[in-house]
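Only one structure is covered here, and it is reproduced in the block below.
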Amino acid sequence: MKTAEELKNFGVIKTEEMVLNMGPQHPSTHGVLRLKIKTDGEIVSEIEPHIGYLHRCFEKHCENVTYEQVIPYVDRCDYLASMNNSHVWAMAVEKLMGIEIPERVEYIRVIMAELQRIASHLMAVGAMGLDLGGITPITYTFRDRERILDLFEYVSGARLLYNYIWIGGVAHDLPPNFVQHTRDFLDWFEPQIVEYDRLLTYNKIFIERTADVGVLPADVAINWGCTGPVLRASGVEWDLRRAEPYSIYDRFDFDVVVGKGEVGTVGDCWDRYWVRVEEMRQCIRIVRQALDQLPPDGDVHAAVPKKVRPPKGEIHFRAENPKGDLGFYIVSDGSPKPYRVKMRSPAFCNLSVINEIARGWMISDVIAVLGSLDIVLGEIDR
Amino acid sequence: MTSFTDFLTTGLLGLSWVPDSAWAGGVLAVAILLGLAVFTLMALNAMVAVYFERKVSAFMQDRLGPMEVGLFGFRGGKRFWGGIGQTVADAVKLVIKEDTIPADSDPRLFRFAPFLIFGAAFCAFIGIPVGYGLVISDFNIGILYVTAISSVGVIGIILTGWASNNKWSLYGAMRSAAQIISYELPLGLSLLLVVMVVGSLQFHDIVAWQEEHRWFLIHSPFTMVAFLIFFMSGVAEVNRTPFDLPESESELVAGFMTEYSGFRWAIFFLSEYANMAIISLMTAIVFLGGWLSPVGSLLRLLGVPEGWYYLDGPIWGVFWIMGKVAFFIFVMMWFRWTWPRLRVDQLMYTAWKVFIPFSLANIFFVGVWELVFG
Amino acid sequence: MEFTEIIARVDQLAPGAFAPAEEGAGHVWVQPEQWLKVAQLLREDPELHFDSLMCLSGHDRGPEQPLWVAYNLHSMDILHKLEVRIEALREGGSIFSVANIWRTADWHEREVYDLFGINFEGHPDMRRILLPVDWEGHPLLKDYTAPDYYRGIPVLKDKRGWE
């Protein structure tokens with residue numbers, strides 16, 4: 001005779017859990033991330049991210065170099081958004097020193113930052129398609145990103161790590177015809193977004209794979225410190241360019257893209273993806289306005305200080321990066337070197353939420369969630 | 001009808017002056033000859049298809065693909081045949097690469113498994129005609145034989161997964177087993193429908209029926225649905241996107257072949273492309289009239305008297321069937337370079353809740369159709 | 001709310017938790033033993049409602065001095081900010097963990113533990129996060145000297161001609 005308990009469990013086959021080690025060498029962990037995944041068959045019951053494989057003590061380095069010399073280091077943190085990183089660093093130090101910078105420099109910086117934002121989102125969109133098995137989207141986005149990198153090369157001479165934005169200015173003035181080249185690029189690029197929509201965004205299989213998967217509710221997102229497109233996809237209208245306008249962002253007319261749950265739930269993978277696609281359109285609007293308003297001439301080196309020696313004090317400054325809020329906490333002791341720099345990187349917080357939202361889904365969905373979070377290990381590990 | 005083998009064995013060895021004692025050796029020689037022919041065909045198919053795939057993917061992705069490695073001093077540069085030597089170079093590279101075997105693997109199974117997969121694909125070619133009479137053995141149960149033997153490959157895949165002693169390989173193998181067994185059913189059921197109408201399992205009979213009546217693609221709406229189900233299941237059967245879950249390089253690194261390298265890995269490649277060719281051949285023969293000329297079939301439907309403009313015949317037949325195969329292989333590549341991949345539960349859903357019910361209903365309806373119109 | 005109003009509100013609800021704010025400073029020092037209670041208050045109180053932890057950073061004033069940790073809080077609906085600071089001992093310093101109040105603090109506290117050696121009491125998973133588990137020392141301390149070898153691999157030192 002079987003007991004009541006045994007009868008209840010009759011036919012239920014107990015399975016053993018298996019620990020799967022995803023990474024640090026894995027095609028879809030976007031670098032050297034290692035995920036320790038506890039799986040029950042295909043179902044994932046727990047994810048434990050292990051980071052630090054790319055740790056190079058960025059913060060310690062900063063304490064040993066001068067404020068200007070930090071810029072190449074911040075460029076290398078989020079290497080897909082170098083312009084934005086150095087922009088935030090420059091703004092933080094300028095705020096600490098109380099420097100007013102010329103109009104033209106502000107406009108140049110905004111143009112660079114928004115072009116870089118498009119480039120970063122292009123990478124995210126393509127990589128997301130790649131993670132889900134569609135190999136073609138990334139070649140399309142790379143082709144278009146290439147044009148942006150060409151523009152950056154024209155401006156700064158470098159294609160990935162620019163060292164272009166200086167404290168108090170920019171390295172060089174815009175080269176001749178840059179404005180026209182940028183306009184040509186924008187006119188050419190805008191219809192391309194429609195192509196991504198056709199190829200990926202509204203593809204039935206893509207929607208099946210991402211809609212309702214890895215839903216991140218708004219309160220959870222805020223509590224875990226998620227920012228940027230990840231937070232906006234959860235339905236929170238929060239963009240530092242709008243909420244705490246820094247630089248000259250209050251002069252531009254653009255929409256804050258918020259996830260609507262068009263094909264699934266608000267805050268699912270599809271929303272996080274879609275927010276990035278829509279944001280590219282908004283970036284185009286901002287760059288167009290900035291090009292229109294760009295002051296025709298002015299010395300870009302006018303406000304560059306001879307010696308960067310901020311007064312004693314601390315500052316916490318944050319601004320909107322393509323991945324989210326990038327914050328710098330700088331402690332100055334009055335010397336040319338920062339006493340302490342803390343970088344609060346957006347991807348660090350965005351990644352920490354993965355166990356919360358991808359638990360209970362399948363291995364394939366973990367990949368989809370990871371792709372939708374758009375992490376860069378350079379700034380997670382610092 | 002006389003098949004190619006019959007011609008060889010009886011035509012060459014059936015001569016009266018051949019002593020009986022030489023017969024066994026002669027059969028062996030012919031078998032080896034034919035085996036080599038099939039192997040050459042498979043290798044050639046893989047090399048051409050790999051080059052084709054690289055170029056097709058490149059043009060779909062707005063790039064150029066291979067364009068550096070020429071052949072016999074021929075370098076086309078940025079044109080389609082620009083890098084024609086690339087696959088030869090790749091093949092040479094794969095053969096001379098080190099054959100790594102993981103320390104904790106089961107070495108015997110590990111070495112054996114790729115050949116089982118290859119063997120399945122190889123044996124399937126025995127039963128498939130590649131033109132009128134161009135078949136090694138024209139079984140009277142040809143369809144049954146090919147479907148049966150090509151699913152032997154899944155045992156090899158499970159063995160690779162198990163022998164590699166790697167979790168990724170194991171996942172790939174388990175997925176593959178579930179997938180191939182599931183998709184066997186709609187595949188078989190769709191073929192059953194054609195067998196019902198023709199009343200024979202022999203490939204030549206099926207083509208003969210299509211010559212007499214019309215292609216199965218346009219025979220009835222139900223056979224058209226069966227064609228779609230058959231082809232999609234076939235894509236799943238050969239693990240191509242959107243059903244490439246056993247490999248799924250972005251999830252499972254390389255699925256069941258994670259631990260393989262060099263020649264053994266090349267064997268996987270060879271079998272994959274051979275399987276693509278098998279599925280394309282079967283689709284072409286069963287639903288698209290095999291070696292029948294599309295021009296001739298159309299003219300026959302219109303009642304035009306037969307003539308040279310039918311473009312039919314043994315030579316044209318090989319051209320037409322290869323053209324159809326190339327088209328289907330191209331469609332598979334097109335799928336792969338356009339679509340993302342399904343998830344494992346969605347894959348099962350497609351098989352069990354869409355394809356199989358539709359196939360079953362199809363069989364019923366086609367029966368009714370044949371009663372009414374047949 | 002303005003900085004002074006926030007301080008006043010906290011003083012009213014939890015008297016003595018904050019040290020008297022310095023003139024013109026944008027931050028406030030909190031008593032370590034009161035921190036858990038204050039954190040709960042800052043998060044839950046409808047008038048304060050600091051639902052977002054923007055930044056959590058460890059700091060070192062120099063050898064022989066106590067360490068301190070800065071919490072930059074922000075409210076997403078009331079839109080005000082506050083910087084709270086806590087001191088911790090240099091050797092074996094410990095602070096109450098707020099990882100269960102703001103989940104952002106989870107990884108950030110692990111990072112501070114990793115780089116400064118401050119222990120966070122009540123943290124669900126207090127481990128090193130960026131450095132290997134068997135690394136010796138806490139690199140962001142001002143008196144830190146890197147080991148010469150890590151598992152037989154020479155450690156590249158700062159100031160070896162490429163600074």
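Sequence lines set the chain letters: A, B, ... in the order given, protein chains first and strands last, and positions in each chain run from 1.
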- Whatever's closer than 4.5 Å to a heavy atom in chain C on A/Leu231 counts as side chain
- Query: Among C/Arg127, C/His108, C/Arg128, C/Lys81, who wins on heavy-atom pairs under 4.5 Å with chain A?
  - Reply: C/His108
- Looking at side-chain heavy atoms only, is the closest gap between C/Leu140 and A/Glu63 below 4.5 Å? yes
- Query: Looking at C/Tyr144, does the NZ or CZ of A/Lys60 lie under 6.0 angstrom from its six-membered ring centre and within 45 degrees of the ring axis?
  - Reply: no
- Query: Under 6.0 Å between ring centres, would you say that holds for A/Tyr339 and C/His59?
  - Reply: no
- Would you find a donor on one side and an acceptor on the other, under 3.5 Å apart, between the side chain of A/Arg340 and the backbone of C/Asp60? no
- Task: Please flag which part of C/Arg43 lies under 4.5 Å from any non-hydrogen atom of chain A: side chain, backbone, both or neither.
- Result: side chain
- Task: For C/Asp106, enumerate each residue passing the salt bridge (charged side-chain N to carboxylate O under 4.0 Å, His left out) test, keeping only those at least two apart in sequence or located in another chain.
- Result: C/Arg103
- Item | Partner residues of A/Tyr249 under the ring-ring contact (aromatic ring centres under 6.0 Å, His included) criterion, sequence neighbours left out | A/Tyr246
- Query: Are the side chains of C/Met54 and A/Tyr329 in touch, meaning some heavy atoms are under 4.5 Å apart?
  - Reply: no
- Query: For atom NZ of C/Lys142, is the number of surrounding heavy atoms from other residues, nucleotides or ligands below 6.0 Å larger than 12?
  - Reply: yes
- Checking heavy-atom separations under 4.5 Å from chain C, one finds in residues 374-382 of chain A A/Ile380, A/Asp381, A/Arg382
- Message: Would C/Arg85 and A/Glu314 count as a salt bridge (Lys or Arg N to Asp or Glu O under 4.0 Å) here? Give the steps.
- Response: CA-CA 12 Å; C/Arg85 294 182 181 180; A/Glu314 307 89 20; 2.9 Å; yes
- Given a strict heavy-atom distance threshold of 4.5 Å, which part of C/Asp51 is in contact with chain A: side chain, backbone, both, or neither? both
- Sort C/Leu115 into side chain, backbone, both or neither according to what part of it lies under 4.5 angstrom from a heavy atom of chain A. side chain
- Item | Partner chain C: residue of A/Ile222, A/Asn223, A/Val220, A/Leu351 with the largest heavy-atom pair count (under 4.5 Å) | A/Asn223
- Taking it one step at a time, do C/Asn72 and A/Arg318 satisfy side chain to side chain contact (heavy atoms under 4.5 Å, CB included)? CA-CA 11 Å; C/Asn72 291 80; A/Arg318 60 174 182 166; over 6 Å; no
- Message: Tell me if the centroids of the rings in C/Trp135 and A/His55 come within less than 6.0 Å of each other.
- Response: no
- The interface call for C/Leu79 against chain A, heavy-atom contacts under 4.5 Å, is side chain
- Message: With a 4.5 angstrom heavy-atom cut-off, is it the side chain or the backbone of C/Ala105 that approaches chain A, or both, or neither?
- Response: neither
- Looking at residues at least two apart in the chain, or sitting in another chain, which of them share a ring-ring contact (aromatic ring centres under 6.0 Å, His included) with C/Trp107? A/Phe348
- Item | A/Trp224, part contacting chain C, at a heavy-atom distance under 4.5 Å | both
